[in-house]
Amino acid sequence: TDDNQKLSVFLKSGIYRLQGSNAVFMDPVRVLNLSYSHFRVSPSSYYSRFFEPNPSGEEQSRVSQNQRKRKRKEKKPPALNEKEQAAEERHQNARPILMKAHELLLGANDLLRNLGKLRSDGDFPSHDCEPSTSTSDEHSLVELGSVWQAPLFEVSLYPHQHHSPTQGTSYIFHGWFAEVISTYCFDADSLSVQNCEKRNSPAFGSLVANETNSDMEADFLNRKYIIPKQSSFYMSDLKQIHGLIPVKQEFGFNLIVIDPPWENSSAYQKLKYPTLPNRYFLSLPIKKLAHKDGSLVALWVTNKEKLRLFVEKELFPKWGVKYLATHYWLKVKSDGSLIGELDLFHHRPYECLVIGYCDPKGEESDYFLKLKSIPDGQVFMSIPGDYSRKPPIGEMLREYVCGLEPARCLELFARELLAGWTSWGNECIRFQDCKYFYKT
Ligand code: SAM
């Protein structure tokens, strides 16, 4: 039946399109796994919260605290100030779209039956790729990148062990940077066999690329990282982001996804990664990073009205980005229910992705006209991952990118790598640590 077919598509691709709507359910683990040939993202390390039938102690106390707060509030609803009213208006506009999407999810019984299994499925702890000898904990890349020795640290990439050079692995490191390393490694049938040993390159402030069709492994200060096929990364602080600007605009990017470390009043959030004041993002060189024919730009924002206004009135104009659409990420639990009440003012169970178009030439090209077809109000539903990871929605936006095939995609402030993408940020290989993977 149609439903069976959709489910089998979902189990392969991680994407389930809900009939007659702009709504999609996504399993980020499956989507990420399309980037790997020999490794798999371990679902149990991706997902952690929102699977337990009962919230953990910590969660429970937070929930009951919220309930208490809510009860207090319900007695006497506080008057909203002007900004809060504007935020409420945005919410009221989004509400019917979100409700409809969620309703459709709750009606997709075959899919719902599988949600609870997403965390355990395909997880083979015995094939964990972390070496049993490894006693060290995950690196703090943000800290390592800020010490004086940072420019001296090297990362060494080598093809995945299953593929010895004579089996036809070829790999190239290249980029448009000063620190270009260019090494070709041919298979036995081709012209020559060259040195296919580990290749070192600076870990910070340099583009490191795996342009092969196979995963590579990377050693960095005694820890192993998994580098997906056709991916590259540039790990640096915002101060060095100019190193990412291509020498020619025709090598620029067609799709740029940005998840800035917005300042947040919540102390809980503060512990996870360093944040920056909004004005720092004004200087992001989006126009210079964009392809000469233009780029689709997708920016994650919070539900704070002040921030939304900053993006509309200052940030997008400064970047040369014209607004196109808003998409939503609606967060659900493993039973399909929302992670929180839809109408709870300060704890919305959704986040927004504001989408625009950057045209470095400043003229509305044909390309721009095609992009205008991007639908407004698409809803992506998923079960949130640990460490407030965002689902890889960028992969879904690729279909709107026209022009270059395959599209050149860039993620700014990334913490993971994806096939077909360049990732930049001060800890952009964080979730590539082998502890998040198992070997197939
Ligand atoms: N989208 C990511 C994900 O789903 O995992 C989360 C990105 S998080 C909102 C922002 C990232 O920006 C963090 O990894 C943080 O370390 C990084 N960051 C903070 N300050 C930075 C700086 N000055 N330069 C570069 N990256 C920075």
Side-chain angles (χ1 to χ4, degrees), residues 26-29 31-32 35 41 45-49 138-147 150-151 203-207 225 228 231 233-245 255-266 268-286 289 297-304 307 311 315 327 329 331 350-355 380 382-397 409-418 421-433 435-436:
M26 176 185 236
D27 173 21
V29 173
V31 174
L32 292 175
S35 288
V41 173
S45 72
Y46 185 94
Y47 291 119
S48 66
R49 301 157 71 205
E138 223 182 318
H139 287 313
S140 163
L141 299 165
V142 177
E143 265 172 46
L144 287 171
S146 65
V147 300
F204 294 100
S206 170
L207 188 83
Y225 291 82
S231 71
F233 69 88
Y234 189 96
M235 192 152 57
S236 84
D237 186 80
L238 188 56
K239 290 184 205 116
Q240 287 92 38
I241 196 176
H242 55 268
L244 193 60
I245 297 171
L255 172 57
I256 306 177
V257 173
I258 314 165
D259 185 15
W262 301 119
E263 274 181 344
N264 195 315
S265 49
S266 130
Y268 177 69
Q269 194 67 39
K270 265 190 193 127
L271 300 172
K272 292 186 180 161
Y273 49 77
T275 58
L276 291 169
N278 290 352
R279 65 175 189 284
Y280 280 61
F281 306 119
L282 289 165
S283 58
L284 280 176
I286 302 301
L289 291 167
V297 175
L299 176 71
W300 285 100
V301 294
T302 67
N303 291 313
K304 290 244 161 55
L307 180 68
V311 169
L315 199 58
H327 290 179
W329 170 35
K331 304 174 204 180
Y350 64 90
E351 292 187 44
C352 304
L353 189 67
V354 184
I355 297 169
F380 299 92
S382 74
I383 303 167
D386 212 354
Y387 311 101
S388 28
R389 290 174 82 162
K390 298 287 197 309
I393 288 182
E395 279 296 83
M396 308 282 312
L397 294 175
C409 306
L410 172 66
E411 184 177 345
L412 298 180
F413 301 103
R415 292 190 293 186
E416 68 194 3
L417 307 181
L418 269 169
W421 289 73
T422 298
S423 295
W424 171 85
N426 63 7
E427 52 171 353
C428 61
I429 57 169
R430 161 133 189 224
F431 295 127
Q432 302 309 126
D433 187 295
K435 76 181 238 194
Y436 298 104

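These numbers were taken from a predicted model, which means no experiment stands behind them. When a ligand or atom number is given, it counts from 1 through the structure's own listing order.
- Among protein heavy atoms, the minimum distance from atom 4 (O) of ligand 1 is reached at Lys390 N, 2.7 Å.
- Residue-to-ligand polar distances keep Ser388 apart from ligand 1: every N/O pair is separated by 3.5 Å or more.
- Closest heavy-atom approach to atom 22 (C) of ligand 1 within the set Asp237, Thr302, Val142: this belongs to Asp237.
- Among protein heavy atoms, atom 27 (C) of ligand 1 sits closest to Asn426 ND2, 3.1 Å.
- The aromatic ring centres of Trp424 and Phe233 sit 6.0 Å or more apart.
- Inter-residue side-chain proximity for Glu416 and Tyr436 is flagged as unmet; no heavy-atom pair is nearer than 4.5 Å.
- Ranking protein heavy atoms by distance to atom 5 (O) of ligand 1, first place goes to Arg415 NE, 2.6 Å.
- Phe431 has its ring centre less than 6.0 Å from the ring centre of Tyr387.
- By the 4.5 Å heavy-atom criterion applied to side chains, Trp329 and Trp300 are counted as neighbours.
- Nearest protein heavy-atom neighbour of atom 19 (C) of ligand 1: Pro274 O, 3.1 Å.
- When each atom of ligand 1 is checked for a heavy atom of Trp424 under 4.0 Å away, the hits are 25 (C).
- Here's the thing with Tyr273: none of its N/O atoms is less than 3.5 angstrom from an N/O atom of ligand 1.
- In the vicinity of Pro260, heavy-atom distances shorter than 4.0 Å reach the ligand 1 atoms 9 (C).
- Given atom 7 (C) of ligand 1, the protein heavy atom at minimum distance is Phe413 O, 3.1 Å.
- Between the side chains of Glu263 and Tyr280, not a single donor N or O lies within less than 3.5 Å of an accepting N or O.
- Below 4.0 Å from some heavy atom of Phe431 lie the following atoms of ligand 1, by number and element: 5 (O).
- If you run side chain to side chain contact (heavy atoms under 4.5 Å, CB included) between Leu412 and each of Leu299, Val257, Thr422, Leu289, only Leu289 comes through.
- Near Asp259, with a cut-off below 4.0 Å to any heavy atom, the atoms of ligand 1 are 1 (N), 2 (C), 6 (C), 7 (C), 8 (S), 9 (C), 10 (C).
- The option with the heavy atom closest to atom 13 (C) of ligand 1, from among Glu416, Glu427, Arg430, is Glu427.
- For the residue pair Tyr47 / Asp27, a side-chain donor-acceptor distance below 3.5 Å is found, with atom types taken as modelled.
- In this structure, Asp259 contributes its side chain and Arg389 its backbone to no donor-acceptor pair below 3.5 Å.
- Judged by the shortest distance from any of its heavy atoms, Cys428 lies outside the 4.0 Å radius around the atoms of ligand 1.
- For the side chain to side chain contact (heavy atoms under 4.5 Å, CB included) test with Pro228, the passing option among Leu32, Val41, Leu417 is Leu417; the others fail.
- Looking at heavy atoms from C-beta onward, Met396 lies in side-chain contact with Met26 at the 4.5 angstrom threshold.
- Each of the following atoms of ligand 1 lies closer than 4.0 Å to a heavy atom of Ser236: 25 (C).
- At under 3.5 Å, a nitrogen or oxygen of Leu238, whether backbone or side chain, sits near a nitrogen or oxygen of ligand 1.
- Only the side chain of Leu276 comes within 4.0 Å of ligand 1, judged by heavy-atom distances.
- In terms of N/O distances under 3.5 Å, ligand 1 is not approached by Arg389.
- In this structure the side chain of His139 never reaches within 4.5 angstrom of the side chain of Glu427, judged on heavy atoms.
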